[in-house]
Amino acid sequence: MASLPPVVVANTLKLDSEFRKLSAPPLPLEKRSYTPKEPNSMSSDLKESVSSVGEGNRKLESSHYFPILQECMLQNSVSGVESVHCQIIKSGFGEELFLMTFLVNVYAKCWEMGSARKVFDNLPKRNAVAWTSLISGYIYNSRPELAVGIFNEMLEAGVCPTNYTLGVVLNACTSLCDFNLAKQIHGYIVKHDLACDSSIGNALCSLYSRCRNLALAISVFENIEEKDVISWTAVVSACGDNGNSAKGLAMFVKMLVGGVEPNEITLTSVLSLCCTMQALDAGSQVHSLIIKLGYGSDLRLTNSIMYLYLKSGCISEAKKLFFGMSSISLVTWNAMIAGYAEMISLAEDALSAYLCGIEALQIFQQMNRLGLRPDLYTFSSLFSVCSSLVALEQGEQFHAPTIKTGFLSDVIVATALVNMYNKCGSINQASKAFLEMSTRTLISWTSMITAFAQHGLSEQALHVFEDMRRVGVRPNKITFVGVLSACSQAGMVDQAFAYYEMMKNEYRINPVMDHYACLIDMFVRLDRIDEAFDFIKKENLIPNEFIWSILIAGCRSKGKLELAFHAAEQLLELEPKDSETYLLLLNMYVSAGRWKDVSRVRKMMRDAKVDKIVDWSWISIQNKVHSFKFSSKKHHQDELTELLDDLIERAKPLGYKAETALEIDGEEKEEATTTSATAHHSEKMAVAFGLINTSGKVEIRVTKSTGMCRDCHSFIKIVSLLTSRTVIIRDSKRLHKFHKGECSCKDFGGLV
DNA sequence: CTAGGGTTAG
């Protein structure tokens, strides 16, 4: 960078010495790029004014051209600008600095940088404003690297940058992650005490935010002498971008108290904070404010509010907005689809989750019927919906369009695709999609590692992890959950602890319960239960519900019933809130015939107001989803129960011993359990339905609302053997892939 | 005449 001449900006504030330490661990944040709009045709009014400009050789003042150029710019009419440009030349204003500078700006805003550049090059004299126009033009056209080049040319030409120039160039650095240049400019700003200027201060605030230094971003904001709406908006979104939404909301309140009126951009930022915080109250207050300030029909704001309502589960409010909107954009449809997709994970029970998924797909169909082309946001939401529904066929149908449209090259879409294949149990398609990705983020790598681990393919999981390290992607704690669970499933004790140490020492990640749970699960699988307890003692762990459940399930399957009951008592002392935990305990006591304990647990459930457990299963066949609910009533002798009974009979000689499990369907049942109780668990029926309605070697995919019970698990293992079919069941805890009589969870899938 | 902030996604 050429040396900077002094800048003419008044300044009084001293910079905090903190500012001198611009530590920039650049966290690559992909900035969304603009999509140039198609040039528009002019409105009839505009056409008239453009043609009247040259009429009758009237001699116009140069100032007359500004409003009409502005109108052309607003209407994005390149041809309008061009014909006005011609008139300007004809009238002899072609060298007027102010007018030509404005024209540079106008061409830039119409995505015509070539013309903007030509106008600039023809200027006989260029002042700082002209240079700044060109620089900002390149930034507007998503070419920050060219903007920085022009900035250097400007300095070489000996033109002194203004505060605007510095602000613009700093923003270019921010979007380029060019922290070297930023540092030089920063030094210059510090030396000349310019940080209190709002154009510079705002840019610094964004820069620090991008450097993940929220404290600095805030302190630079505090030092801005005249904080305007944009300063406030910048600091509010800086808080949001750095994971401190509460601080952002507080800043927004401060802004209001200070009497600064937010504009629609501030309000969108605030709504996005409310969204991540799930702050429905604050959100609806902002909604009222929006209406009060007259932004009630702003499309972008309405989209955000609608999404917020959906994400908070206020479907009726969201729908009211949706149907009340006078115009709807693709973003509106996407927000609806994404909102319903989001509600799947927030749903209280599996049935409503399933209904949300169906609704999301129906909204997409409506959008499709209206002829709207989906974009990358649409596709990533759709993939996420399909994975929740375990609707492989649907998901596959969206794969090809993402290739054709090129959206698959987006890393988020591609990751969503990998995830979809994984969650639908198709690990081969998942890994194929992963290998075809051109760029991978931490999340892509982590998804693939977790996917292999979930399918019991530990070696592949660890292989991917090593590849990830090799290319220099830094794992996070979720990555290590995947790695440790891979080791745990394969019983690789030494490796597990090696990775555990690596996580703590090399990556400075503090272990959380999920990590401990993997290691404990590993000891339990290896029937080294003493070591599991030793580990708990050594790490001073206070086991949570989850860890006790692992211990119980492990002790049970190893036949160590006394230990299992001991663990169960510990678990009960925690007064669990999770209904499935109670289901595990109930089943345990039922199979041991300990009826007193059964009623004790039932009483605890009532006291804890735990949700009733509703056993649903779904199977998607030819894009239609069929659902089954557990029913203890004896079914009619239809085709389905006939097949089921037949399978049960054929399974018995192969070692299937129907275990007792409790009947749970919401109503209190008699405590007596018989084998017929588990015979009609919903997943058995869904699998039987799949066997009847598909043929050949088609894999059967079922989703289930609760955890699988041990009885169904061992039954379906045998079914996969008897029928030579692969059966994939995703229950509330994990994925079970049954193949040739084995399950990918190796019988430690947290069965109840 | 030049700037600066923003919706929906894994």
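Residue numbering restarts at 1 for every chain, and letters A, B, ... go by the order of the sequence lines.
- In this structure, of B/dT2, B/dC1, B/dG5, it is B/dT2 that holds the atom nearest to the side chain of A/Tyr164.
- Checking the phosphate oxygens (OP1, OP2) of B/dA9, no side-chain nitrogen or oxygen of A/Ser381 falls inside 4.0 Å.
- For A/His399 and A/Phe383, the ring centers sit 6.0 Å or farther from each other.
- The residue A/Ala203 sits apart from the nucleic acid: no heavy atom pair falls under 4.0 Å.
- Of the listed nucleotides (B/dA9, B/dT8, B/dC1), B/dC1 has the atom at the smallest distance from the side chain of A/Phe98.
- Counting to the nearest Å, the P atom of B/dT2 and the CD1 atom of A/Ile230 are 13 Å from each other.
- The aromatic ring of A/Tyr377 sits over the base of B/dT8, with ring centres less than 5.5 Å apart and planes tilted by under 30°.
- Proximity note for A/Ser199 (side chain, C-beta onward) versus B/dT8, B/dA3, B/dG10: the nearest is B/dA3.
- Looking at every heavy atom in both residues, A/Val418 comes nearest to A/Met448 through CG1-SD, 3.9 Å.
- We find that CG of A/Leu97 is positioned 11 Å from C1' of B/dT2, with the value rounded to whole Å.
- Taking the charged nitrogens against the carboxylate oxygens, A/Lys319 and A/Glu317 have no contact shorter than 4.0 Å, which rules out a salt bridge.
- A perpendicular orientation is assigned to the rings of A/Phe480 and A/Phe465, their planes being inclined by more than 60° (bins at 30° and 60°).
- With rounding to whole Å, A/Asp298 atom CG is found 14 Å from B/dT8 atom P.
- When each of B/dG4, B/dG10, B/dC1 is scored by its nearest atom to the side-chain atoms of A/Asp228, the top-ranked nucleotide is B/dG4.
- Residue A/Asn303 is in base contact, counting any heavy-atom pair closer than 4.0 Å across all strands shown.
- Computed from coordinates, the A/Phe379 CZ to B/dA9 P distance equals 17 Å when rounded to whole Å.
- Checking side-chain atoms of A/Asn368 against main-chain N and O of A/Phe364 turns up no donor-acceptor pair under 3.5 Å.
- Note on A/Val331: a base of the nucleic acid sits closer than 4.0 angstrom, heavy atoms only.
- DNA chain B lies under 4.0 Å from at least one heavy atom of each of the following residues of residues 126-137 of chain A: A/Val129, A/Thr132, A/Ser133, A/Ser136.
- As judged by a 4.0 angstrom heavy-atom cut-off over every strand, A/Asn171 is placed among residues touching the sugar-phosphate backbone only.
- Listed pair A/Lys109 / B/dA3 meets the phosphate criterion, a side-chain N or O lying under 4.0 Å from OP1 or OP2.
- In this structure, A/Phe434 has its ring center closer than 6.0 angstrom to the ring center of A/Trp445.
- In this structure, OH of A/Tyr107 is placed 16 Å from C1' of B/dC1, rounded to the nearest angstrom.
- Residue A/Phe364 contributes atom CZ, which lies 15 Å from atom C1' of B/dT8 at whole-angstrom precision.
- Per the geometry, CZ belonging to A/Arg210 stands 15 Å off P belonging to B/dG4, to the nearest Å.
- In terms of polar N and O atoms assigned as donor or acceptor, the side chain of A/Asn263 comes within less than 3.5 Å of the base of B/dG5 in a complementary pairing.
- In the interface, the side chain of A/Thr233 is not paired with the base of B/dG4 through any donor and acceptor atom under 3.5 Å apart.
- As a whole-Å value, the separation of A/Leu207 CG from B/dG4 C1' is 14 Å.
- Note: A/Trp333 and A/Phe322 meet the aromatic proximity criterion, with ring centroids under 6.0 Å apart.
- The side chain of A/Ile443 lies closest to B/dG10, out of B/dG10, B/dG5, B/dA3.
- Within the nucleic acid shown, A/Ser304 comes within 4.0 Å of sugar-phosphate atoms alone, with no base atom in reach, counting heavy atoms only.
- In this structure, A/Trp232 has its ring center closer than 6.0 angstrom to the ring center of A/Phe221.
- Residues A/Trp111 and A/Tyr140 bring their aromatic ring centres within 6.0 Å.
- In this structure, A/Ser384 reaches the sugar-phosphate backbone alone: every heavy-atom distance under 4.0 Å involves primed, P, OP1 or OP2 atoms, never a base.
- Taking only side-chain nitrogens and oxygens, A/Asn419 never comes nearer than 4.0 Å to OP1 or OP2 of B/dG10.
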